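Everything on this sheet refers to the single structure shown next.
Numbers restart at 1 for each chain; the letters A, B, ... are given by sequence-line order, proteins then strands. Note that the coordinates shown come from a computational prediction; the quantities given were computed from them, not determined experimentally.
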Amino acid sequence: WVVGTDHAGIATQMVVERQLEAQQDKRTNYTREAFVEKVWEWKAESGGTITGQLRRLGCSMDWSREQFTMDPHFTRAVVKVFVDLYNEGLIYRDKRLVNWDPKLKTAISDLEVETQEIKGHFWHFRYPLADGVQLDNGADHIVVATTRPETMLADMAVAVNAADPRYQSVIGKFVTLPITGRRIPIVADDHADPELGSGAVKITPGHDFNDFEVGKRAGFKPADMLNMFDAEANVVQVSDGLIPDCFIGMHRFRRDGTDGARELVVQELKAAGLLVLHSVTAKDGEVTQKDAEDRVIQTPYGDRGGVVIEPWLTDQWYVNAAELAKAPIEAVRSGRIEIVPKTWEKTYFNWMENIQPWCVSRQLWWGHRIPAWYGKKRASENDTLNDISWLLDDHAFVVENENELKKQVQAYYDSTEELYIHDSEEDYLNWDSVVSGGAVSPELHLEKIHIYRDEDVLDTWFSSALWPFATLGWPADPPRNGEVARSDGGGSPASAVLAAPPLHHPAGGPPPRSGEDLLARHYPNDLLISGFDILFFWCARMAMQGMHFNEGQVPWKRLYLHGLVRAADGQKMSKSKGNVVDPLVLIDQYGADALRFFMAAMESQGRDVKMDERRVEGYRNFATKLWNAARFCQANGIAASQSVTAPAANLAVNKWIIGEVVETVAALDKAMAELRFDAAANAIYHFVWGTFCDQYLENIKGSIDVETMSVAGWVLDQILVTLHPFMPFVTEELWSALGQREGELIIATWPRPNAPIDLIAKKQIEWLNNEISAVWAARSDLGIPPSTRLECWVNPESDFDLELLTSHSDILMRRARLSVINLPSPNGQHATIENKKTFALGGGGVTLLFSLEGVIDIAAEKARLAKALEVSTKEAKSLAGRLSNPAFVEKAKPEAVDKARADHAAHAAEAERLAAALARLG
RNA sequence: GGGCGUAUAGCUCAGUGGUAGAGCACUAUGUUGACAUCGUAGGGGUCGCAAGUUCAAUCCUUGCUACGCCCACCA
């Protein structure tokens with residue numbers, strides 16, 4: 001796990017801009033360099049927040065290799081990727097509609113658009129037919145409908161379906177667009193659905209994605225499409241100059257109580273009698289007329305800026321994602337990448353197979369600046385710098401560094417003239433006026449080559465996508481500018497020391513040595529763990545870039561998509577709702593161990609996790625439990641074990657607990673291999689609390705000999721090692737507190753479940769534990785207080801049972817609080833204790849009998865026995881019923897039939913004994 | 001419109017073709033010098049609804065209902 005952070009372009013720039021706003025300041029008061037410097041300052045102050053949280057959580061990684069996506073070597077990788085993709089034709093510049101965020105004034109990608117359902121309206125307009133043309137039905141207009149009236153100012157056509165008989169006669173004719181008076185054609189296009197509305201659609205190629213496509217089909221070039229908005233979505237004059245002055249400068253919507261272009265368009269059309277009123281029939285039959293129909297509109301919002309996205313015609317850089325997606329699709333299909341849980345594969349394929357060009361340029365200052373320069377040689381006096389004709393034939397030079405830039409520019413112009421590199425378009429123009437004092441002085445520019453750099457930066461995900469290999473020192477080119485080579489990619493000079501060896505990964509091999517190729521060693525990564533919410537944003541793009549730039553090698557072999565932590569009420573956490581839980585506060589309250597354990601225990605199959613503080617509290621208690629158990633061990637001479645393998649044991653309790661460790665570790669290993677973190681956490685939890693504390697420690701209390709000390713120490717060690725990934729702090733502390741060690745807990749050998757499981761001991765101790773539990777249950781039912789020591793008689797049914805009993809009688813007497821165990825069974829009235837876990841390895845079982853004299857309420861005992869008898873009888877009867885069904889005996893699996901027979905026999909025998917006991921009581 | 005997921009104890013969630021489990025909460029209780037952030041015992045569920053497959057369905061199939069999420073160009 002290479003620790004680090006991305007530069008979160010939009011979010012970070014927003015934070016810093018908001019800080020400026022708070023001081024009545026703004027970004028544009030600064031130069032680009034000065035502003036970016038401020039962002040770096042902010043990053044220096046607060047950039048440690050995320051990694052600080054990781055540290056508090058006890059995440060264990062090589063902090064000397066911490067990386068940031070804007071580190072110099074990372075930036076070099078980003079530039080190389082951009083240039084290489086450009087040279088391969090996989091990145092290109094295009095003028096088309098983009099999702100434009102008018103608040104942030106930048107383009108964003110499709111993924112950054114969130115569709116929300118908003119209550120809106122649906123208006124119907126009459127567009128008068130021009131030149132005296134009429135529809136077949138005699139109408140002198142065409143009705144079109146829209147949810148966005150304001151865009152009609154930039155309408156360029158009306159589309160109808162060629163197959164629609166109503167409009168066939170007017171295809172190729174014109175309508176006169178209201179308000180502007182623009183004469184626009186009626187075109188045939190399949191986009192118009194005769195079934196919907198009037199069957200005619202207004203076409204605004206410059207402000208609607210569908211209309212853009214229709215417009216292109218109708219022969220409009222993107223450069224000629226009318227654009228009626230500025231970057232903030234206020235109305236500007238279009239190229240034909242037909243928008244009335246009263247609209248210019250208006251906001252697109254109603255705002256601050258002032259009508260916007262939308263309202264004004266509707267008002268003017270209504271005044272002109274061109275608004276088709278909408279009739280609403282109330283329940284009482286009364287008909288009222290409204291300007292528009294109420295309708296829920298699917299409205300696009302920017303996920304960061306939170307305002308309605310405007311489709312806007314601009315030049316942007318696009319990645320041919322469809323091409324890059326091919327290899328990752330195949331990788332998942334063939335299993336070279338395994339997605340866990342598998343259900344996400346379908347989502348992945350669905351998106352990847354329908355992927356659209358990825359807009360990667362952003363009109364921001366904070367980020368990786370696009371390595372493209374534009375320019376034009378000044379060839380004549382007429383070609384003034386103030387003539388922005390260069391915009392139309394601006395050749396792009398996409399290169400990794402300035403030397404390369406000079407070479408390419410001079411080759412392109414076939415000239416060795418001096419090259420002027422401007423930082424931005426503005427610089428380019430300012431330079432002219434500065435040098436010439438505002439007037440064009442051609443002699444300064446003749447035969448000089450002027451170019452300027454693209455001012456946009458790249459989508460943050462474009463760089464994050466390189467994480468799996470850029471962090472490992474890619475590209476492999478020789479280091480420049482004294483940067484360290486990739487064997488030490490990103491680390492500070494101090495990090496030239498040995499990296500920590502891979503932890504808990506037996507197959508990991510030795511640690512890399514200085515100079516070793518990190519990329520070759522760690523790429524592909526084994527596993528990526530990511531939230532499902534960034535499957536497209538990040539994971540898919542990592543797969544695309546990773547495979548493209550690493551000879552088709554996948555970035556990781558497995559992709560685990562986990563759920564998100566939601567608020568206690570199941571809602572998404574958000575600052576505006578105020579239901580956000582700060583992990584650091586939880587850590588303060590319950591400890592990092594408890595929080596980590598909670599997360600692990602709740603993480604199953606990528607399902608979302610509802611925040612449940614009580615559960616965190618429960619795992620805090622678990623840590624306390626472990627702590628107290630360790631204190632008990634310490635106080636009883638149980639210390640650090642130097643042994644990785646289980647000590648030799650003779651006592652059944654010790655043989656048993658060793659077997660339990662083996663089983664637990666096996667369950668844990670299986671769960672971890674399957675990425676079932678909840679199952680892993682539960683396995684260790686139940687072993688520690690239920691088996692080790694409640695049973696084993698209780699059993700050994702009072703008789704801790706040398707063997708037991710040795711076994712208990714080993715078991716405790718196994719607990720600390722296996723629990724450490726879940727609860728690093730308490731385990732590390734206990735590890736060192738228990739005694740001298742060979743090494744740190746974090747590099748302790750992970751247990752191997754290779755000790756034998758003693759099945760006899762397992763059965764014996766299970767019997768014993770169950771016997772004790774049964775006695776306590778009986779005491780509880782009979783109201784015998786714990787303080788009463790009971791006299792007990794037993795009637796073992798065989799020598800085997802007798803041996804079992806005598807070898808554990810001391811534990812049984814102490815834990816069940818018996819005063820004496822007598823043989824053989826007495827006369828008189830007794831309480832009868834049935835052990836449901838009948839010892840099945842040879843004996844028929846042991847029945848405990850308590851004296852009833854002066855202690856036990858006979859009626860209560862009878863009631864107790866009657867109840868138990870009822871349960872046994874019912875179960876026996878149910879099983880008998882199943883066994884008497886010939887279909888079951890014939891068709892069921894033999895094991896199932898055998899089990900049913902055995903269970904039936906056991907329950908029947910138990911019922912018989914209970915009936916006898918009941919009979920003895922009279 | 002398409003896709004995915006979820007419905008199991010009061011709550012939060014596991015789980016299995018052989019009539020269900022955990023933690024918390026609840027009830028009763030406090031004997032054992034590790035632990036009251038604890039121990040012991042106990043109550044509590046027609047496993048969303050309906051049909052089908054099967055000797056057997058909480059689990060498999062289909063339909064339905066409710067909730068959640070993702071994707072998509074209905075002007």
If you check the His191(A) side chain, which of U31(B), A34(B), A75(B) turns out closest? A75(B)

Mind checking who A22(B) pairs with, Watson-Crick or G-U wobble, both distances under 3.5 Å? U12(B)

Per the atom types in the model, does the base of U19(B) pair as donor or acceptor with the side chain of Ser878(A) at under 3.5 Å? yes

Should the side chain of Glu195(A) and the base of A75(B) be counted as holding a donor-acceptor pair, with the cut-off at 3.5 Å? no

Would you confirm whether the ring centroid of Phe677(A) sits within less than 6.0 angstrom of the ring centroid of Phe597(A)? no

When all nucleic acid strands are considered with a 4.0 Å heavy-atom cut-off, which category describes Lys891(A): base, sugar-phosphate, or nothing? base

Determine, using ring centers only, whether Tyr590(A) and Phe598(A) are less than 6.0 Å apart. no

Go through the N and O atoms of the side chain of Lys625(A) and the base of C35(B), and report whether any donor-acceptor pair is under 3.5 Å. yes

Under 3.5 Å for both donor-acceptor distances, Watson-Crick or wobble: does C60(B) have a partner, and if so which one? G52(B)

Which is true for Lys701(A) with a 4.0 Å heavy-atom rule: it touches a base, it touches only sugar-phosphate, or it touches nothing? base

Report yes or no: do Asn769(A) and Asp694(A) form a side-chain donor-acceptor pair below 3.5 Å? no

Using Watson-Crick or G-U wobble geometry with both distances below 3.5 Å, tell me the partner of U40(B), or none. A28(B)

Strictly by Watson-Crick or wobble contacts shorter than 3.5 Å, is anything paired with U46(B), and which nucleotide is it? none

